[in-house]
Structures are given as structure tokens and as C-alpha cells.
Amino acid sequence: MKKHVKGILLLAAVMMFSIVASACGNTNGSGGGGGSVNVGIVLPTKDEPRWVQDEQRFKDALSGTKYNTEILFSQGSSAKEKENVETLLNKGIKVLIICPQDGDAAAAAVEEAKKDGVTVISYDRLITNTDAVDYYVTFDSLAVGAAQAQYLVDHAKGNGQPLYLYAGAATDNNAFLFFQGAWEVLQPKIADGTFKIANSTEAEKLKDTKDLSRDQMSSIIGQVTTNWDPNEAKNKAQTHLTAAAADMKGDVAILAPNDGTARSIADVFASDSAVTSYVITGQDAEKASIQYIIDNKQSMTVFKDVRTLVKDAMGMAVEVLDGKTPETTGSYNNGSVDVKAKQTDVIVVDKDNVKKELIDSDYYKADEFTGL
Ligand code: BGC
């Protein structure tokens, strides 16, 4: 073939591909508004497997729906998040499903949406201190923390066992719920001497208080936050182990708030020869953590079936679009109003039930793991 003919064909192929690619994008469905978007979905970041998982589950749930949807990521930035909301408003959305990067900062974005008459559904994380949130779909986050703590209690070894505490980002309301749920279970076991706090003077000061105020929790979370960042978690764990006296090593218990941070904290503890054994929690049932559990490197995770959350959020959106009132099961106060909520239960997973809960339920495929 002559060179310039080849060139023209190649150009034509590239053009065809880009037309098809832009037509597919993240937009699903057809009809329902002549090319405009009916439901806008904004997720916090692609950098954490948890939210990529949610994107995939949304895509799975959306194929075949009659409404158009579009998913945008905020990449850890509240400014980008607001820009995403504005982009979607310009495309004519009627419902916004949004998981905020920062619960307080997202208020401005959803207030704009409300002004446009859009129904706002807070997804997984509550948007705080604004009345511009109509609904909240969530897992039982207090139960997540309680399950993590209960696992540590059930696997406690003897008396005075060193307990390392870690928490999520203070900008995420969930971090407080997880910590509160965990603290209510751990505190009596700290008070009775089963555990000894190894890495937080603030927690140590509050060891006789079961019901912590938001400010008291803030003071602890301020010391042991990971900001949901595995690197920050790793650095903190290293600092804590460097500072720890010999009696704060040996057999230890570690409250890690989610899987991403759990894996990096676990790696740090595993590489300290003075740590004889560790029990460490997690949440999200991320694939990498399921492999860690199979390999005895992470003890447990809390499985939050994202398929259910997506189904609830989309179900609500469709009801709103169809002019109906979505069903809710309770409410959450966001500092300004009681937001009607639909809540989903969580499941504790460790090596004993990982196959039953995650493979037999078709959440993951067995061949995605080794040594199952
Ligand atoms: C979510 C967790 C997630 C964490 C970090 C929380 O709000 O509920 O599932 O691991 O954020 O992204």
C-alpha cells in the first residue's frame, strides 16, 4: 500500500475510534432527555481501589437503564468536585449522587445543585452542615468500627496487650463513625487492662470515657489519622514503632481503618523483628487485602457489598425521576438537618469465611487469587 493511502486510512481509523470512544465515555443508557444527562455521579478519587470498585459496580448496574448517567471523579480535590458538579448541572441532571471528598467542603457544591432543583443523594459519606442534602445511602458505619474492634477483642492475647490505633481522614464523617463504633467496644477492654494503648496520648487520656464527644474523638483522630493515605499510614506506623518501648511490641493488636491503610501498616509491623505477631483489621474487601488475608498478612476485613449501595442509590434516583418518593429506613443528622437514609449491613470476613462470602456470592472470581 502506498504511504499516503496508509496514512489516510490510519487517520480515518483514529477518527472512527475517537467518535466511538467519546460516544461511550462514562455515559450509559439511551433516551430520557435527548442526549442530556439525567443522573450525575461524583466519586472521590480513582487512586483508591474502593472507588474504582464503585465505578465498576455503577457501570454494571447501569447497563440497560433508560436514563442517562455520567460518572466523574474528584481526584481528592474539593475544587475539582465542585467543578464536576457544575459540569453535570450544565448537562441538565435531575439527580446528583455524590460521595464527598470532604464532607463540609462539599456543601457549597450541593447547595448549587439544590438551587437548580436537583435532588441530592449523599453516597457512602455524609455531606455535613448544610440542608441541601435530600437522601443518604450508606453502610452501617458504626457497625464497621464495632466489628473491627470486636475482632481484636476476640483475638486478644492475655493481659496488657499493646494496641495501636489508626483512623481515617478527619474530613470524612465516616472516620468518626468507624472510630466511635470501635471505641465503644475497645474502651471497656482498655479499662480492664486487656489492651494498653501504644500510640496515642490523647486516647490514653480518655481511656475511662466510653461515650466520646465529637471534639474528644477529633483529638484522638488528629493524632492517629492516616488521612486514608497508605503512605501516611506507613510513615506513622514506622514512627510509632521507632518510638515504642520493648513492652509495646511482642504480640500486638492494630485497629486499621480500611484495607489500603491496613496493608501498609501490616507491612511495617511485619518487618519489625520485635513484633512477634499482630492482629490487624481492615474494611472494603479490596482484592489486594483478600490476598493478604489468604496469605496471613491481614487478619480481617469488613465486606461492604457495593452492589447493594449502588442498587439503593440508583433505585432512589430512578424513583425521583419517575416522580415517586424513595423509601428510607432511618435518618442521619448532618449537623444541620436530619437526612433521610437507607442503610445496608456489613459482613465480617476473615480466612475462615472468605470463600463463602466473596467467591460463592460471585463478588470476586476464585482465579483472581492464589492459594485460596
Ligand atoms: C469509606 C471507606 C473507604 C474510605 C477511604 C470511607 O468513607 O466508607 O469504604 O475505605 O472512605 O476512601
Side-chain angles (χ1 to χ4, degrees), residues 41-58 73-78 81 97-106 121-128 133 136-148 166-182 217 221 224-234 236 255-266 280-290 292 298 300-310 312-313 332 334 339 341-349 358 363:
I41 301 164
V42 180
L43 296 174
T45 177
K46 266 194 188 225
D47 295 341
E48 289 175 35
R50 160 71 215 266
W51 307 111
V52 178
Q53 204 186 118
D54 289 59
E55 179 193 30
Q56 190 51 50
R57 302 296 180 186
F58 265 112
F73 280 88
S74 309
Q75 292 310 105
S77 150
S78 295
E81 179 178 83
I97 297 174
I98 173 169
C99 181
Q101 173 57 35
D102 173 318
D104 276 343
I121 302 174
S122 207
Y123 178 83
D124 194 285
R125 297 178 179 169
L126 188 58
I127 297 172
T128 36
V133 190
Y136 180 34
V137 287
T138 180
F139 292 103
D140 185 346
S141 295
L142 282 173
V144 171
Q148 293 172 331
Y166 295 93
T171 50
D172 177 3
N173 189 56
N174 284 348
F176 287 83
L177 297 173
F178 300 144
F179 194 83
Q180 182 188 340
M217 272 193 277
I221 293 174
V224 300
T225 182
T226 60
N227 270 318
W228 292 133
D229 176 356
N231 267 325
E232 190 164 334
K234 180 176 158 210
K236 273 220 161 125
L255 178 76
N258 74 347
D259 284 350
T261 56
R263 292 192 301 277
S264 58
I265 295 168
I280 187 166
T281 61
Q283 78 166 298
D284 292 334
E286 285 182 6
K287 278 185 206 164
S289 278
I290 299 310
Y292 259 50
Q298 184 176 323
M300 63 86 83
T301 187
V302 180
F303 171 37
K304 309 200 297 189
D305 192 333
V306 171
R307 292 170 301 190
T308 311
L309 205 63
V310 163
D312 285 347
Y332 273 75
N334 79 341
V339 184
K342 184 134 197 249
Q343 185 168 290
T344 293
D345 290 340
V346 297
I347 298 168
V348 174
V349 168
L358 293 170
Y363 201 73

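Atoms within each ligand, like the ligands themselves, are counted from 1 in listed order. Everything numeric in this text was worked out from a predicted model, so none of it was measured.
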Margin query: Under 4.0 Å from a heavy atom of E48: which atoms of ligand 1 are those, numbered in the order shown and with their elements?
Written below: 5 (C), 12 (O)

Margin query: Please classify the F178 to ligand 1 contact at 4.0 Å (heavy-atom distances, strictly less than): side chain, backbone, both or neither.
Written below: side chain

Item checked: For D172, atoms of ligand 1 separated by under 4.0 Å from a heavy atom -> 6 (C), 7 (O), 11 (O)

Check: Hey, are R50 and D54 close enough for a salt bridge, meaning a charged N less than 4.0 Å from a carboxylate O?
Finding: yes

Margin query: Tell me whether K304 at atom NZ has more than 12 heavy atoms from other residues, nucleotides or ligands lying less than 6.0 Å away.
Written below: yes

Checklist line | Interfacing atoms of ligand 1 (cut-off 4.0 Å, heavy-atom, K304) | finding: 1 (C), 2 (C), 8 (O), 9 (O)

Item checked: Residue, atom name and distance, where the atom is the protein heavy atom closest to atom 3 (C) of ligand 1 -> D284 OD2, 3.6 Å

Item checked: ligand 1 versus D124: contacting region, heavy-atom distance under 4.0 Å -> side chain

Checklist line | Residue pair Q298 / S289, side-chain donor-acceptor N/O under 3.5 Å | finding: yes

Next item on the list: For the residue pair Y363 and Q53, confirm or rule out a side-chain donor-acceptor distance under 3.5 Å.
Entry: yes

Item checked: Residue and atom name of the nearest protein heavy atom (relative to atom 11 (O) of ligand 1), distance in Å to one decimal -> R125 NH2, 3.0 Å

Next item on the list: Give the contacting part of W51 toward ligand 1: side chain, backbone, both or neither, where contact means a heavy-atom distance below 4.0 Å.
Entry: side chain

Check: Could you walk me through whether I98 and E81 pass the side-chain contact (heavy atoms from CB on, under 4.5 Å) check?
Finding: CA-CA 9 Å; I98 173 169; E81 179 178 83; 4.0 Å; yes

Checklist line | Heavy-atom closest contact (Y123 atom, V306 atom, distance) | finding: OH-CG1, 3.9 Å

